[in-house]
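Structure first, commentary second.
The structure displayed is predicted, hence computed values, not measured ones.
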Amino acid sequence: MKKNRVPVREQKPEERVRNFKEVSYGYNLEEALLEADRCIQCRNPRCVGACPVAINIPKFILELRNGDIKGARDTIGEASNLPAVCGRVCPQEEQCEGSCIVGIKGEPVNIGKLERFVADWAMENRYRNTEKLPGNGRKVAVVGSGPAGLTCAGDLAKLGYDVTIFEALHEPGGVLVYGIPEFRLPKESVVREEISLLKDLGVKIETNVIVGRTVTIDSLIEEEDFEGIFIGSGAGLPMFMGIKGENANGVMSANEYLTRANLMKAFRSDYDTPISHGRKVAVVGAGNVAMDAARTAVRLGAESRIIYRRSEKEIPARAEEVHHAIEEGVIMNLLTNPVEILVDEKGFVKGMICVKMELGEPDESGRRRPVEIAGSEFVIDCDSVIMSLGTSPNPLIASTTKGIDTNRRGCIIINEENGETTLPGVFAGGDAVTGSATVILAMSAGKKAASGIHAYLEEKHS
Amino acid sequence: MYKITRKRELVENIFLMDIEARRVAKSALPGQFVIIKVDEWGERVPLTICDYDREEGTVTIVFQTLGASTKKLAALSEGDEIRDFVGPLGNPSEVVTDEKEHLLKKKIVFVAGGVGTAPVYPQVKMLKEKGIDVDVIIGTRSEKTLIMEEEFRKVAKNLYVCTDDGSYGFHGLVTDKLKELMEVDKKEYDLCIAIGPMIMMKFVSQLTKSYGLETIVSLNPIMVDGTGMCGACRVTVGDEVKFACVDGPEFNAHLINFDEAMRRQSMYKTAEGKKNIIMEQKSVHEH
Ligand SMILES: Cc1cc2nc3c(=O)[nH]c(=O)nc-3n(C[C@H](O)[C@H](O)[C@H](O)COP(=O)(O)OP(=O)(O)OC[C@H]3O[C@@H](n4cnc5c(N)ncnc54)[C@H](O)[C@@H]3O)c2cc1C
Ligand SMILES: Cc1cc2nc3c(=O)[nH]c(=O)nc-3n(C[C@H](O)[C@H](O)[C@H](O)COP(=O)(O)OP(=O)(O)OC[C@H]3O[C@@H](n4cnc5c(N)ncnc54)[C@H](O)[C@@H]3O)c2cc1C
Ligand code: SF4
Ligand code: SF4
Ligand code: FES
């Protein structure tokens, strides 16, 4: 047994900082087969239990090893509607790979890259499995086309439902199209392809429809005869710090920065949307979103830094992203917290006052609480500040629908068993329920709600 | 795709279009806005809903050509289609949702400026239908740039047109007229609604604050999504930061930090300027 993984080919840092093409090339067939060989086919595979949608990992790896890539794709497809996405963006080190037995004495099997290989292979070779049950004529509406909505829609379509997705933006995909950058998740070749697979299953997608404004949950039920509803509206509302200078020109949320760059393709000269040409960009926060913003800034030609109040150990972003960010020259100002944004006479950002932090006693999250070191103020030179402090659910749907309860943080309350909200027939899942989490958790919530909706409608019609 | 069913050039550089968008027409109310994206490459441009026809399924927009996106839109003709049209966004205007008894007790004056004249129209029209008479002041550069005068004559109790150059109506700014109405004509208003360029709203607000006249303005900051997701549209109202697209677009004028709002609106001036140069170069290459 080889202790180390087959290395993954990547664009060199000095090249990739000048383009928006995908950083990681993934495995080719030869490399994938070599890596697949490292899986010891555990009888009680711990990896499967650590995958939120329980992909039968040893089975698909064995099929791949035997050259049956279509079979491997079908095995993955039983559990996941978006494998080319998950293979790229799951925090594997905390999930499947984090539990892989081979990882105890060496490096864990590179499950994510194998999953990506199988999904990419199927797309390149136009292999699509669109098996589904015959139509049952029942209409289900899905609100939001992020991973939760797409998964729920796909599962219900396979069961024979007539599914329509309503999406507020002009492109389907949720965070996959507006948030996660092209260099990590290609939009045309991966996201659009996986979505077009759903269309082959008969899922209809209506963009430019804001539920709560253009239509309401009630009008969908009463006027358009939808019998079941799934809300997967995500957690898009950005938070700000509330510090002095935060409304200066040049301070924006990571959502704004990334939306301009990804959804509106502001980095391309043939698209009309502008994006600020900051020369020195400071990104506050250290999650996936912050890394994406910092790395986008690098590609737009800026000096880019992360400002994070805890230490390296607490960084919440995927390990691969942090590693890539550092390779690309992103400066890490850890144990540092902003206190004021400095503004020039024209109202533009000219710098940021920060304080140094040290770690104290653990807080309720179990992480050591950062405390300010007195008198440690210093100024960071920057002309743009990107706030990446987390997001919360948009209140629009709950506030325009009687009977859908939310908790203190604005998250929709559901029955954990089946995903049903406090309004019968209306289900919810993903970031709208949990607050910002991960693609795969949103997908598993979409799956659970799909079976919840199926059970609800079976019962109703029996 | 959304079809343009009617296009008119009201005056030079100001266009009116009816766009077929059934779902939007069905739920639109005065005070709300839409976001349009002309084609795959276009920006998302917010425009106020100026009228709607629920039967025909159309929504009316009126816009001024400023930069790349509005010029692109103006270049389209009747029968052409635009890629995206989403709405209605924002909250409906409070006066149209307020109860009639409540409104009957109030003396209302609308102040409209430039292309902001168009979105005032459906509000005045709806109030007229409810049997509520209001005064309207329109401010514009000259007779040549005045829009929708005839429409307003039909629905406003008193219409006062002001021109900067004195070529028509009252010679002066809307604030001068408003002051005259209150001081010379002794009009007693309870509510002022001002829609127009940010600078006009700022000065109307300053004036009415000194009279203690409650004033509502409709803000038009830079926006991206229009659904509360990006925070580009944030404005300071009192000591709170609000997102104009979901908390507004109408706010109590006397609480708004207009200087900040105006500064934020000009954020992309330089980047936009560059874009215009790129557009011109592109057209040179094409010919
Ligand atoms: C920049 C960024 C990077 C990330 N990186 C990773 C990563 O590497 N790995 C990972 O696992 N997770 C990552 N995440 C988190 C992950 O993307 C989210 O947890 C996941 O997308 C949530 O899925 P969702 O379907 O619940 O919601 P979303 O993906 O947010 O989709 C919700 C959709 O609903 C639409 N919507 C909202 N309200 C309405 C309405 N009223 N009517 C109609 N439509 C509506 C929205 O426009 C949106 O398209 C990242 C997030 C961001 C922002
Ligand atoms: C809620 C809302 C409602 C609106 N309703 C209307 C409407 O009914 N009719 C209409 O003509 N316009 C309206 N606007 C303004 C309109 O969106 C802008 O004029 C448009 O985005 C300009 O796009 P552009 O690419 O043509 O010009 P840009 O190239 O973006 O701008 C050209 C010039 O106009 C300035 N500018 C940019 N945005 C605005 C703005 N929001 N207000 C004033 N000046 C601006 C820029 O600083 C620049 O100098 C509204 C804006 C909002 C937010
Ligand atoms: S979906 Fe995510 S957690 Fe599950 S196997 Fe794939 S990469 Fe691992
Ligand atoms: S735990 Fe690792 S070795 Fe075992 S089956 Fe899963 S991937 Fe293979
Ligand atoms: S325009 Fe994005 S939050 Fe208002």
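- More than 12 non-hydrogen atoms from other residues, nucleotides or ligands lie less than 6.0 angstrom from CD of B:Glu129.
- The choice from A:Asn208, A:Val215, A:Asn394 that makes the most heavy-atom pairs within less than 4.5 Å of chain B is A:Asn208.
- With sequence neighbours excluded, no residue satisfies ring-ring contact (aromatic ring centres under 6.0 Å, His included) with A:Tyr178.
- No other option in A:His170, A:Met264, A:Arg260, A:Glu256 has as many heavy-atom pairs under 4.5 Å with chain B as A:His170.
- For B:Glu40, the parts lying near chain A are the backbone and the side chain together; criterion is any non-hydrogen pair under 4.5 Å.
- The number of heavy-atom neighbours closer than 6.0 Å to CD of B:Glu9, taken from other residues, nucleotides and ligands shown, is above 12.
- At a 4.5 Å heavy-atom cutoff, the contact between A:Thr214 and chain B is made by backbone and side-chain atoms alike.
- Between chain A and the residues B:Ala28, B:Gly90, B:Gly231, the most heavy-atom pairs under 4.5 angstrom are made by B:Gly90.
- Contacts between B:Phe243 and chain A at a heavy-atom distance below 4.5 Å involve the side chain alone, from C-beta outward.
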Distance-only criterion, 3.5 Å: show the donor-acceptor pairs between side-chain atoms of residues 238-251 of chain A and protein atoms not counting sequence neighbours.
from	atom 1	to	atom 2	distance (Å)
A:Glu246	OE1	A:Met241	N	3.4
A:Glu246	OE1	A:Gly242	N	2.6
A:Glu246	OE1	A:Ile243	N	3.3
A:Glu246	OE2	A:Met241	N	2.6
A:Asn247	OD1	B:Arg234	NE	2.9
A:Asn247	ND2	B:Thr236	OG1	3.0
A:Asn247	ND2	B:Glu260	OE2	3.1
A:Asn249	OD1	B:Arg263	NH1	3.1
A:Asn249	ND2	B:Arg263	O	2.9

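- Among A:Ser253, A:Ala254, A:Ala168, the residue making the largest number of heavy-atom pairs under 4.5 Å with chain B is A:Ser253.
- Residue B:Thr60 forms a side-chain hydrogen bond (donor to acceptor under 3.5 Å, both in side chains) with just one option from B:Thr5, B:Asp18, B:Asp53, and that option is B:Asp18.
- Neither the backbone nor the side chain of A:Glu167 comes within contact range of chain B, judged by heavy atoms closer than 4.5 Å.
- Within the 4.5 Å cutoff, no side-chain heavy atoms of A:Lys265 are placed close to those of A:Glu182.
- Within the 4.5 angstrom heavy-atom criterion, atoms from both the backbone and the side chain of B:Asn91 approach chain A.
- Using the six-membered ring where Trp is involved, B:Tyr2 and B:Phe85 have ring planes that are tilted, between 30° and 60° apart.
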